[in-house]
Structure formats: C-alpha cells, structure tokens
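Remarks on the structure that follows.
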There are 2 protein chains.
Amino acid sequence: MTNGTPAIIDDDQDHSSRAPRGRDADATRSLLLQSARRRFALEGYGSTTVRDIARDAGVNVALINRYFESKEGLFEACLAHAAEQFDQPTVPSLDRAVQVVVDRVTVEHGSEDSFHMMLLLRTSGDERADAIRRRTLRNFAERMAALAGWTPDAVDGDALLLRAEVAICASLGITLLRSTSGLEPLSSASRDDLAGPIRDLFSALLR
Amino acid sequence: MTNGTPAIIDDDQDHSSRAPRGRDADATRSLLLQSARRRFALEGYGSTTVRDIARDAGVNVALINRYFESKEGLFEACLAHAAEQFDQPTVPSLDRAVQVVVDRVTVEHGSEDSFHMMLLLRTSGDERADAIRRRTLRNFAERMAALAGWTPDAVDGDALLLRAEVAICASLGITLLRSTSGLEPLSSASRDDLAGPIRDLFSALLR
DNA sequence: AGAGTTTGTAAACAAGTGCTGACATGTAAA
DNA sequence: TTTACATGTCAGCACTTGTTTACAAACTCT
C-alpha cells in the first residue's frame with residue numbers, strides 16, 4: 001500500500017534511500033488522515049476540532065490547512081479514502097459479495113475498516129462530501145443488486161436496488177452503534193456472534 | 001393595550017391549566033425541545049449551536065440554559081423524550097411488534113418520529129445521555145427478543161437478544177440515511193416501498 | 001559552501017461558542 | 001393598587017473555533 005507518489009526515484013547515487021527522518025509530507029498527510037478518520041467516525045464532524053486531530057497525529061495544527069485546505073477538505077479526503085475501500089472490483093457471485101460485506105461489518109471495533117464504514121453516515125454539511133457519500137453508497141448498492149439480478153432498466157423498477165441500499169444502510173447503523181453506544185451484548189459480540197445475523201439480514205433482503 | 005387587567009379571559013372561573021398568551025414556560029420548553037430534536041437529529045450534536053435552536057424556536061438563547069441547564073441538558077431532554085416513544089407497552093405478539101417497528105421506520109422524512117429514531121444514534125459525549133440511549137435500546141431489544149422466545153436466563157445465551165439489537169440498529173441506520181444522505185432510491189422511497197424490505201429484515205433476524 | 005524550496009512551528013486573528021448576570025415586563029396574588 | 005414571582009430580553013464574558021501569517025529549520029541542488 002502507500003507509496004502514492006509517482007516515485008521519481010532520486011539519482012542512482014547512494015543516499016542509502018533511508019526513510020525520511022523527521023520531515024516527510026506524505027507521512028504527515030497520512031498521519032492526519034488516520035487521526036481525522038478516527039475522530040470523525042467516533043465523534044462526528046462537528047464535535048471534532050482540528051486541534052484534536054493534530055494532537056492525535058502529533059502534528060502542528062496549521063498543517064491541516066496546508067495539506068487539506070480546510071477542515072472540510074480533510075473530511076472530504078477521509079471520505080474519498082473510505083470510498084476507495086468500497087469501490088473494489090466486483091466479486092463474481094452474490095454469495096461472495098455477502099461474505100465480503102459480512103467480513104466488513106464484523107471487523108473489530110477501532111479498526112480502520114470500521115471507521116471507514118462509520119464515516120459513511122457522518123455528515124459535515126458540505127455538499128461535495130455528501131456527493132461522495134451518495135456516489136459510494138449508490139455504486140456499492142448497484143453492484144450488490146446486480147448480483148441479485150437487478151438491471152438498470154428493469155421493468156419492475158428499482159425494488160432490488162432499494163433492497164440493496166437498505167441492507168447497506170443497515171450494516172452502517174449496526175457498525176456505528178456497535179462502536180459508539182456500548183450497547184450489550186452487541187458491543188461485545190464477537191465476529192462469529194455477528195456473522196450469522198448479518199448474513200441472514202442480507203439473505204432476506206437480496207434473495 | 002394599556003389595560004393591565006386581563007382583557008379577555010378564556011376561562012374566567014377555572015383557569016386550571018392554560019391562559020397565558022405570550023408567556024408560557026411549558027410552551028417555550030416544548031418549542032425548544034422540538035427545534036433541538038430536529039437540529040440534533042439532522043446535523044448532530046456538535047454541529048448544532050444553541051443559537052440555531054433558539055432561532056428555530058423563535059425564542060431567546062438564554063432560555064435554553066434557564067430551562068435545560070445547558071446544551072447537554074437539552075440534548076439529554078431530547079433523548080429522554082425520544083426514549084418515552086420506545087418505552088410503550090409491549091404488544092402481545094411478535095407480528096404486531098414487527099408491524100409497530102415497520103411503521104416507525106417507514107414514517108415520512110422530517111416527522112417527529114423520524115427525529116426520535118435518528119437521535120438514538122447521535123452522540124454528545126455526555127455519559128448520561130449515552131446511558132439513556134443504552135437503556136432505551138436495550139429495553140426495546142429485550143421486549144422484541146422476548147416476543148421471539150428469548151428469556152433473560154436462557155441457556156443458549158443472548159443470541160436472540162443480539163439479533164433483536166442488530167435489527168433495531170439496522171432500522172436506525174436506514175432511517176438516518178434515508179433522511180440525511182439523499183441516496184436514491186432510498187430517500188424517495190414510499191412507505192409501501194419500504195415496508196416489505198423492513199419486514200423481511202426483522203423476520204430474518206427474529207424468526 | 002550558497003540559494004531555493006519544502007516542511008514544521010509559534011503566535012495571533014476574527015468569528016463564533018456556551019453561558020451568565022442584570023434588567024425589563026408580563027402575570028397572579030394580597 | 002402593591003407586592004412577589006415567573007418569564008423573557010439584552011449585552012457581554014471567557015473561551016474555543018478554524019484559519020492565516022511570519023518565521024525557523026531541514027532538505028535539494030548546484
């Protein structure tokens with residue numbers, strides 16, 4: 001992963017190619033993204049301050065504006081990053097797709113994956129961020145629905161697409177409350193505890 | 001204009017409950033609760049300011065602190081009010097209970113009921129508010145699970161209770177995204193469009 | 001070495017935050 | 001009426017917000 005830069009490798013001269021010691025813009029950006037994702041996911045956009053994020057990342061506050069323009073820009077970057085997680089290549093069968101989602105929903109609390117999911121139902125009031133969220137959810141729902149037999153120009157309308165969206169939104173709600181509410185036994189439920197119910201949920205909606 | 005004595009008395013003899021025209025603490029409290037509920041539900045706790053709420057209610061900002069102690073207190077009151085909606089008497093059968101939930105999830109956007117649901121996954125960081133939310137969700141889940149056969153001291157553990165919680169959390173996620181994301185076709189789906197999928201969801205989890 | 005750029009730091013700014021106290025005004029009781 | 005209280009208004013406080021600016025330190029290249 002990482003290595004997002006075009007990799008214009010420096011000269012063949014040695015330099016020992018060590019990882020940049022103290023100063024590395026990419027690493028800083030990444031740290032900020034990570035801290036922001038966590039804060040935004042767990043506490044929401046409005047309750048998170050840029051100073052919180054900077055402190056978590058161990059980085060100066062001003063760098064948020066340097067690298068992401070604004071707090072909104074940082075949130076948007078987080079959302080775009082989360083969107084990539086959902087824009088992965090389509091799997092061949094509905095069974096496999098359901099398995100992928102179940103894996104995603106049942107990841108442990110505090111994981112990056114869970115933050116990515118929770119981000120999708122955190123709002124900032126920014127229209128561009130909302131557009132990213134809509135596009136991501138819609139894309140994902142379309143791929144799920146397609147595996148269940150839906151086609152864009154079906155005569156029976158979008159009943160299946162709606163069902164896919166319902167299933168996805170349900171998954172997000174479950175993930176959020178599992179991580180933020182302390183509701184038992186949900187919060188302490190293991191992956192195995194959850195896999196069955198989630199699978200049943202998807203089966204009921206898409207089959 | 002200048003008559004200090006009550007010019008028009010609706011009920012000259014029995015003033016038991018009402019009369020004050022412009023000044024009515026209960027009405028003001030209610031207005032604030034209504035505006036706050038809407039803002040908190042749609043935009044989250046942190047993104048909502050007390051001035052927003054007061055402006056919506058057409059009321060002076062200072063009255064929030066007079067009647068609810070603090071912004072946190074107002075949020076807590078909103079949550080407590082929402083909790084009452086979920087603490088209604090148990091219905092006799094699982095079928096009826098599912099029907100009640102389906103009705104609740106499929107209410108139109110912008111209704112008070114939808115705000116009550118959305119509030120349950122809005123967090124303020126206040127521990128007392130979190131406790132109200134936990135208690136409410138847990139209570140509701142226990143009643144649903146009980147109708148499906150769960151008992152507090154079942155040998156098979158809390159599998160059914162977990163399933164009830166999953167179903168409820170799923171419903172909250174659906175409600176939130178339906179009202180805040182603009183995701184289509186979900187956002188424009190009618191009550192009838194949604195009733196089927198939601199019913200299937202509950203049936204799959206609790207039967 | 002030097003200049004030029006990138007990366008990080010510190011301080012401050014204007015605007016907005018939740019909240020408070022002193023005051024004004026309407027209402028009910030004496 | 002006069003008194004007492006409940007209700008609402010106003011201005012401002014102390015603080016935090018996101019953001020910007022000026023500056024320092026590290027890195028690159030010649």
Among C:dC19, D:dT19, C:dT20, find the nucleotide with the atom closest to the side chain of B:A62.
C:dT20
What is the distance, to the nearest angstrom, from the CG atom on B:L74 to the C1' atom on C:dT17?
15 Å
So among A:T48, A:D56, A:T49, which one has a side chain to side chain donor-acceptor pair (under 3.5 Å) with A:R39?
A:D56
How many whole angstroms separate atom CG of B:D52 from atom C1' of C:dC19?
16 Å
Would you please confirm or rule out a distance under 4.0 Å between OP1 or OP2 of D:dG8 and any side-chain N or O of B:T28?
yes
Could you check whether A:S47 gets within reach of a base, just the sugar-phosphate, or nothing at all, counting any heavy atom under 4.0 Å?
nothing
Separation of C:dG16 atom P from A:K71 atom NZ, nearest Å, is 15 Å
Would you kindly give the CD1-to-P distance between B:I64 and C:dG18, to the nearest whole Å?
8 Å
Output the rounded distance in Å from CG (B:D26) to C1' (D:dT7).
12 Å
Between atom CZ in B:R51 and atom C1' in C:dG16, what is the gap in whole Å?
7 Å
Plane angle bin for A:H116 and A:H81 - parallel if under 30°, tilted between 30 and 60°, otherwise perpendicular
tilted
Map B:Y67 and A:N65 onto DNA chain D by nearest heavy atom, then report which one ends up closer to the 5' terminus.
B:Y67
Which whole-number value in Å describes the distance from B:L32 CG to D:dT7 P?
13 Å
Give the intermediate values and the outcome of side-chain hydrogen bond (donor to acceptor under 3.5 Å, both in side chains) for residues B:E72 and B:S124.
CA-CA 7 Å; B:E72 289 276 7; B:S124 72; 3.1 Å; yes
With a non-hydrogen cut-off below 4.0 angstrom, is A:F68 in contact with a base, only sugar-phosphate, or nothing?
nothing
Steps toward side-chain contact (heavy atoms from CB on, under 4.5 Å) verdict (A:F40, A:L119):
CA-CA 7 Å; A:F40 286 146; A:L119 267 184; 3.7 Å; yes
What is the separation between atom CZ on A:R29 and atom P on C:dT7, rounded to the nearest whole Å?
7 Å
Mind checking if B:V59 touches a base, just sugar-phosphate, or nothing, with heavy atoms under 4.0 Å?
nothing
Less than 4.0 angstrom between a side-chain N/O of A:N60 and OP1 or OP2 of C:dG8, yes or no?
no
For side-chain contact (heavy atoms from CB on, under 4.5 Å), just list the numbers for B:F68 and B:L33, CA-CA rounded to whole Å, side-chain angles, deciding distance to a tenth of an Å, and then say yes or no.
CA-CA 10 Å; B:F68 299 97; B:L33 272 173; 3.8 Å; yes
Taking atom types as they are modelled, would you say the side chain of B:R23 forms a donor-acceptor pair with the base of C:dT25 within the 3.5 Å cutoff?
yes
Taking atom types as they are modelled, is there a donor-acceptor pair under 3.5 Å from the base of C:dG8 to the side chain of A:R66?
yes
